[in-house]
Asks: 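Provided herewith is a single structure, encoded as structure tokens, for subsequent inquiry.
None of these values were measured; they are calculated from a predicted model. Every chain is numbered from 1, with letters handed out A, B, ... down the list of sequences.
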Amino acid sequence: VFTYALAIAIFSKKGKLDKAMELLAEMKTESLAPNNVIFNSLIDGLLKQQDFDKATALVNEMRLSGCTPDKYTYNIFLNGFVRADRLEDAIALFAHMLEEGGGYVNEVTCGMLIAGFAKADRIDEALTLFAKMEELGMAPNSICYATLITQLLKVSRVEQARDFLEAMTSKHGFGEVQTCNAVLQALINKGSLDPALSLLTKLKKNGVKSNTVIYNSLFSGLLRMGRSDEASQIVKEMIENGHALTSSAYNFIVIDLVRSNQFEKARSFFSMMKEGRAIPSSSVYNTLISGALKEERFDLASGFLKDMISDGYTPGCVTNNIFLHKFVKTGQFEWAYALFEQMEKRDKFTYSHMISCYLKQNKIESALLIFKELKEKALVPDQFIYSLLIRGLVRAGHLDQAIDFAEEMMKNLACSYDV
RNA sequence: CAUCACCCCUUGCUAA
């Protein structure tokens with residue numbers, strides 16, 4: 001059983017759910033009883049692919065074979081909701097977990113929900129929950145702190161972020177590398193390069209191993225801000241410190257080239273990197289596809305798509321969204337419908353593309369239908385989608401409906417709108 | 001280290 005659990009966990013983590021399920025079936029034929037760990041691994045894997053149906057089915061199966069969902073199971077679902085932007089479901093589940101008692105709610109649970117609030121720009125609720133943790137007798141760990149700090153930085157509440165950073169370091173030191181990296185990255189993204197660098201030296205002094213991840217963050221951040229000189233500086237420093245230049249550094253370069261509209265350069269750099277032994281990430285492929293489409297090079301786009309598949313990636317929602325975007329933008333609506341129908345995984349990007357698809361044709365009803373589907377899936381419509389819809393309604397002369405939506409938006413998102 | 005959260009990366013309106 002232990003061996004199976006290990007194997008299943010690994011397959012689930014890698015997204016090879018079919019393999020993992022096969023193993024589960026195999027266990028049954030050998031009349032071994034799967035335990036909680038096994039079910040939980042599988043459920044987690046399924047939810048990472050947004051497959052809620054199969055995951056729920058598995059919970060039932062779990063019960064039937066005499067296992068009771070435990071705090072891991074709950075947390076896994078909570079995180080699934082958060083990841084899928086189904087914040088309301090996450091909140092409901094959290095409340096349920098609290099009611100049950102039984103110690104289902106722990107620091108991890110709270111950390112996930114805090115991250116959920118943060119992602120949805122509902123920072124104040126995140127802060128409230130954070131405060132509540134202490135009431136409930138839980139000590140927020142460094143991950144909770146880091147989540148809040150990065151989000152506060154994102155919305156420019158710098159003072160508050162600094163307070164939390166100090167509180168965190170006094171309680172936990174600098175925590176794990178990843179935690180530090182989160183904060184560093186947030187600073188970099190804000191363009192606060194100097195605070196970032198000084199934090200970095202502080203980290204080094206405190207014995208946090210500056211690792212490849214941190215260098216990669218710095219590198220990509222600098223590239224994005226167009227500071228390529230400093231970026232190459234970082235690369236030098238990396239090499240001097242004995243860090244191998246990883247594939248991800250190359251990946252960032254390709255992505256940066258595409259982003260700055262240097263598609264041809266990106267292409268040649270990409271073939272160079274493939275000739276070397278660097279491994280392109282799926283993001284690189286997606287980036288290249290979108291770059292190709294921007295240049296109207298469908299031929300190249302489909303070429304990249306093929307390469308992507310032969311490299312072992314399964315093109316998913318993001319890739320589809322890229323094509324969908326192109327179809328909508330160029331008015332190839334029939335293609336857009338066809339693709340949309342075919343897509344099993346749809347996210348808020350998918351829906352926003354379809355909404356603009358219908359709005360462009362003045363098909364308000366259909367756009368509203370899409371919006372409804374989005375809500376039925378318990379996705380949280382964000383500011384972007386609301387403003388898309390509202391603008392469409394205004395343009396079509398449906399002022400009252402527009403106002404209704406504007407009010408709904410303010411209620412749901414606790415934000416204001418400009419007229 | 002048998003199963004959960006934090007980081008990073010790709011896709012969103014705007015004849016602009």
Asks: Indicate whether OP1 or OP2 belonging to B/U14 is found under 4.0 Å from a side-chain N or O atom of A/R395.
Replies: no
Asks: Heavy atoms only, 4.0 Å cut-off, all strands: where does A/N181 land among base, sugar-phosphate and nothing?
Replies: base
Asks: Ignoring the backbone of A/T287, work out which of B/U10, B/G12, B/C8 is nearest its side chain.
Replies: B/U10
Asks: Measure the distance from NZ on A/K48 to P on B/U3 and round it to the nearest whole Å.
Replies: 11 Å
Asks: Give one of base, sugar-phosphate or nothing for A/I385, where a contact means two heavy atoms less than 4.0 Å apart.
Replies: base
Asks: What nucleotide, of B/G12, B/U10, B/C4, holds the atom closest to the side chain of A/V108?
Replies: B/C4
Asks: Between the side chains of A/S156 and A/K190, does any donor sit under 3.5 Å from an acceptor?
Replies: yes
Asks: Please determine, for the side chain of A/K13, which listed nucleotide (B/C4, B/C9, B/G12) has the closest atom?
Replies: B/C4
Asks: When you get a sec, tell me which of B/A2, B/U14, B/U10 is the closest nucleotide to the side chain of A/S283?
Replies: B/U10
Asks: Please report the distance, rounded to the nearest Å, between CZ in A/R259 and P in B/C8.
Replies: 13 Å
Asks: Please determine, for the side chain of A/A5, which listed nucleotide (B/U3, B/A2, B/A5) has the closest atom?
Replies: B/A2
Asks: Ring centres of A/F77 and A/Y72 under 6.0 Å apart?
Replies: no
Asks: Can you see whether A/Y215 engages A/E237 through a side-chain donor-acceptor pair at a distance of less than 3.5 angstrom?
Replies: yes
Asks: Can you measure A/N106 atom CG to B/U3 atom P for me and round it to whole angstrom units?
Replies: 15 Å
Asks: Tell me which nucleotide among B/U10, B/C8, B/C4 gets nearest to the side chain of A/I255.
Replies: B/U10
Asks: Between C1' on B/U11 and CD1 on A/I289, what's the gap in Å once rounded to a whole number?
Replies: 11 Å
Asks: Do the side chain of A/D347 and the base of B/G12 come within less than 3.5 angstrom through a donor-acceptor pair of N or O atoms?
Replies: no
Asks: Please tell me which of the listed nucleotides, B/C8, B/G12, B/U3, lies nearest to the side chain of A/R224?
Replies: B/C8
Asks: Of the nucleotides B/U14, B/U10, B/C4, which one has an atom closest to the side chain of A/I76?
Replies: B/C4
Asks: Report the residue from A/F333, A/Y337, A/Y351 that forms a ring-ring contact (aromatic ring centres under 6.0 Å, His included) with A/Y358.
Replies: A/Y337
Asks: Think A/R83 has a side-chain N or O under 4.0 angstrom from the OP1 or OP2 of B/C4?
Replies: no
Asks: Reckon A/H353 has a side-chain N or O less than 4.0 Å from the OP1 or OP2 of B/C13?
Replies: no
Asks: Can you tell me which nucleotide in B/C8, B/A5, B/U11 comes closest to the side chain of A/H325?
Replies: B/U11
Asks: Compare the minimum distances between each of B/C8, B/U10, B/C13 and the side chain of A/Q185, then state the nucleotide with the smallest one.
Replies: B/C8
Asks: Without hydrogens or angle criteria, can the side chains of A/T350 and A/D347 be said to hold a donor-acceptor pair below 3.5 Å?
Replies: yes
